[in-house]
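First up is the structure itself, then whatever we jot down about it.
Per chain, numbering begins at 1; letters A, B, ... match sequence-line order.
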Amino acid sequence: MIASVLVKRAGMAIVTLFGVAVVVFLLLRVAPGDPIAMMIGAGASASDIADLRARYGLDQPLLVQFGIWLAGVLRGDFGVSISLRRDVLELLAERLPATLELAGLACTFAVVIGGAVAVLGTLLRRRKGEAVLDGVNGLLLAVPDFVWALAFVLLLGVLWPVLPLSGRMDPSVGVPFVTRFYLTESVLTGRFVIAGDIIAHMVMPVLALALPLAAVIARILKDGLSEAMVQDYVLLARVKGMSELRLVVGEALRNAVGPTLALTGVQFTFLIGGTVIVERIFAFPGIGSMAIDAVINRDLPLIQGLVLVFGALFILVNLAVDLAVVALNPRLRHG
Amino acid sequence: MTVPLLAVSHLNAVVGRAGNAPVLRDVSLTIARGEVHGLVGESGAGKSTIAKAILGILPHGIRITGGSIALEGEDLLTFDAVTLRQKLGPAVSLIPQDPQTALNPGRRIEAQLTDGLRLWKGMSAKDAHARALQLLEEVQMREPARVMRSFPHELSGGMRQRVLIAAAFALEPKLVIADEPTTALDVTVQKQILRLIRSMQERHGTGVVFVTHDLGVVAQICDRATLLYMGKVMEQGNVSDLLNKPRHAYTKALMEACPRYDQPGRGLAPVPEEVFAACRAEIAAFDQAGAGHG
């Protein structure tokens with residue numbers, strides 16, 4: 001059952017990624033802005049410009065350009081960044097781990113906070129606390145991630161400067177890392193002082209990304225829980241004498257998480273989108289802040305590579321979510 | 001005089017924000033140990049409300065305005081929620097109406113049969129497993145070991161109801177509330193389930209409150225019965241007396257409206273409008289008297 005789903009989804013993923021590649025490639029070439037104009041000075045001669053265009057293959061017909069690029073991608077060659085003059089794949093491999101750690105931590109945080117708020121709200125239902133909690137949650141729902149980021153910068157970075165404002169870790173730390181997953185690696189190798197420094201750098205961006213997602217999760221999960229709490233099996237468990245917390249967590253939760261999980265998968269896209277601006281605000285060296293530079297410089301190969309990575313991330317996360325939904329629901333699991 | 005297992009006395013309840021619509025009108029009934037007591041009436045007669053009041057799970061909006069519900073002499077209405085849970089959990093259980101919705105679709109049968117045992121009897125996982133298996137055999141479940149590993153959607157309606165009966169008797173409760181346990185089942189399965197509840201009840205010496213709208217079921221399974229109309233007791237007594245020598249016109253009319261397998265070819269008579277009118281007049285008179293007191 002799960003294997004056949006996997007095969008089907010892998011096939012769909014390839015089709016989707018191809019579509020993404022086509023659209024991105026075409027859009028970038030239709031949109032105004034010339035990468036060559038961005039990279040050389042105002043006094044360049046026409047022949048210099050023609051030379052550069054030829055070097056990056058920009059003088060070829062569109063279809064040929066696409067063919068060359070796609071053939072490269074299939075071989076694992078994403079081309080060379082025009083503005084950074086470096087291999088795109090190398091740049092992505094360098095920056096992606098930082099974003100993955102950021103987004104992963106933000107998502108975990110959002111699930112924990114949102115889940116706790118939903119359970120608490122269900123326990124408090126029909127009491128005064130519920131209205132307060134719903135009100136606060138509604139407020140959180142209305143504040144976007146970049147506003148949180150700016151507010152944190154102002155509060156915890158400037159007015160009461162307790163947290164480092166920018167970067168991924170203290171630049172004076174000269175510890176060699178084997179991988180680019182600095183946080184994961186420092187925790188796994190027991191270098192907790194460094195891990196603490198990295199976490200201190202991540203608190204604000206993680207919270208900025210996590211709070212809006214947490215509010216969405218809390219809202220949807222609480223709806224699911226309220227629906228489950230009036231089911232007969234919860235009533236029967238109540239008659240058995242189970243505590244209110246056990247009714248919510250032990251009986252209702254497992255039947256309520258399905259829709260929340262599916263929605264979290266979709267919301268993850270917004271979280272990835274959010275990393276672009278949040279990474280920028282905190283000068284966090286991930287693929288998000290790199291994407292902004294790439295767009296400003298009309299760095300076509302880099303933008304294409306970044307968009308493919310974003311697309312692949314989205315597909316992978318949603319596949320994982322779908323599998324989790326199946327795994328959690330015995331009726332789906334047994335087909 | 002010995003204290004009855006359950007004594008509901010002068011129970012009054014109202015529904016609605018204004019609290020002016022009575023749903024129970026001075027209901028009193030007692031249930032002895034090992035007795036099967038039928039609560040009979042049409043929909044809206046208050047039979048389920050009484051059952052839910054005993055279990056402490058009245059829906060929001062229904063409020064008890066007077067009377068008491070005493071389990072072995074202890075008034076349940078005076079307990080706070082946590083104490084009530086601890087008193088009722090091991091002592092009173094429920095066989096619900098709809099086996100399709102009463103089992104958690106996300107948990108295995110084993111988990112749902114053993115959780116009560118582990119919570120109230122402090123059994124180890126292994127002991128609880130053995131006891132659950134034994135219970136499934138007791139309710140004549142085929143392949144109990146496989147059923148234990150199953151999820152509810154893998155079982156038929158009759159099998160689920162057997163699981164729920166096993167769960168209801170798992171803790172050796174003093175009282176089992178059966179809330180129309182056969183209504184949602186196939187006619188052929190209904191009879192087996194009724195027989196099963198009766199045999200479990202006899203074996204364990206359990207008192208049973210049997211909520212039903214079916215006088216045929218009452219005749220088959222109950223020792224005594226209380227007949228309700230609009231939340232008021234119309235007639236109460238031994239089932240044989242109630243069915244053979246009904247005193248109240250409403251009981252008589254209901255008997256006429258009930259199919260009899262021992263008298264095939266006998267037509268069914270709807271309850272005559274005069275009988276309803278008389279019942280309503282009786283209730284109006286009762287409410288009037290109550291208003292006079294207040």
Side-chain angles (χ1 to χ4, degrees), chain A residues 1-2 115 118-119 121-131 221 223-262 323-335, chain B residues 51-52 54-61 81-109 111-121 149-155 160 163-164 167-168 170-171 173 175-177 179 184:
Chain A
M1 168 75 190
I2 285 191
V119 168
T122 311
L123 287 174
L124 288 174
R125 70 195 180 291
R126 284 188 292 271
R127 290 194 220 161
K128 283 198 193 87
E130 186 190 20
L221 186 58
D223 284 352
L225 283 173
S226 317
E227 207 175 295
M229 285 302 282
V230 297
Q231 299 296 314
D232 284 354
Y233 56 83
V234 174
L235 188 79
L236 198 65
R238 190 189 296 283
V239 169
K240 273 186 195 165
M242 296 196 179
S243 68
E244 199 68 20
L245 182 66
R246 197 161 160 189
L247 293 180
V248 177
V249 177
E251 299 285 334
L253 189 60
R254 75 182 65 220
N255 297 308
V257 289
T260 313
L261 209 55
L323 290 179
V325 168
V326 171
L328 279 172
N329 188 334
R331 275 167 296 188
L332 294 175
R333 206 182 323 158
H334 298 266
Chain B
K52 286 183 177 133
I54 297 168
L55 291 164
I57 52 168
L58 277 177
H60 287 259
V82 174
T83 318
L84 188 67
R85 184 156 72 68
Q86 284 161 354
K87 290 271 181 205
L88 290 185
V92 182
S93 66
L94 169 70
I95 303 174
Q97 175 168 8
D98 189 355
Q100 307 295 333
T101 56
L103 287 166
N104 190 329
R107 301 178 70 209
R108 287 178 201 277
I109 299 302
Q112 307 194 48
L113 271 177
T114 54
D115 51 8
L117 292 166
R118 304 200 63 185
L119 183 64
W120 296 117
K121 303 256 172 192
R149 289 191 300 273
S150 302
F151 284 97
H153 72 274
E154 297 168 297
L155 307 180
R160 288 183 218 191
V163 168
L164 288 163
L171 294 166
L175 182 69
V176 169
I177 313 268
D179 186 7

What part of B:L94 gets closer than 4.5 Å to chain A, counting heavy atoms only: side chain, backbone, both or neither?
-> both

Proximal to chain B - members of residues 249-261 of chain A, heavy-atom separation under 4.5 Å = A:G250, A:E251, A:R254, A:N255

Please name the pair of heavy atoms, one in B:G106 and one in A:P330, separated by the smallest distance, quoted to 0.1 Å.
-> CA-CG, 4.0 Å

When B:L103, B:I57, B:D115, B:D98 are compared by non-hydrogen pairs under 4.5 Å with chain A, the top option = B:D115

Donor-acceptor contacts, no H, no angles, side chain residues 84-91 of chain B, under 3.5 Å, sequence neighbours left out:
unit_1	atom_1	unit_2	atom_2	d
B:R85	NH1	A:G241	O	2.9
B:K87	NZ	B:E74	OE2	3.3

Identify, with sequence neighbours excluded, every residue that meets side-chain contact (heavy atoms from CB on, under 4.5 Å) alongside B:S93.
-> B:A168, B:P173, B:V176

Determine which residues belonging to residues 231-240 of chain A lie within contact range of chain B, meaning some heavy atom pair is under 4.5 Å apart, and list them by number or answer 'none'.
-> A:D232, A:Y233, A:L235, A:L236, A:R238, A:V239, A:K240

Under 4.5 Å heavy-atom distance to chain A, tell me which part of B:V92 shows up: side chain, backbone, both or neither.
-> backbone

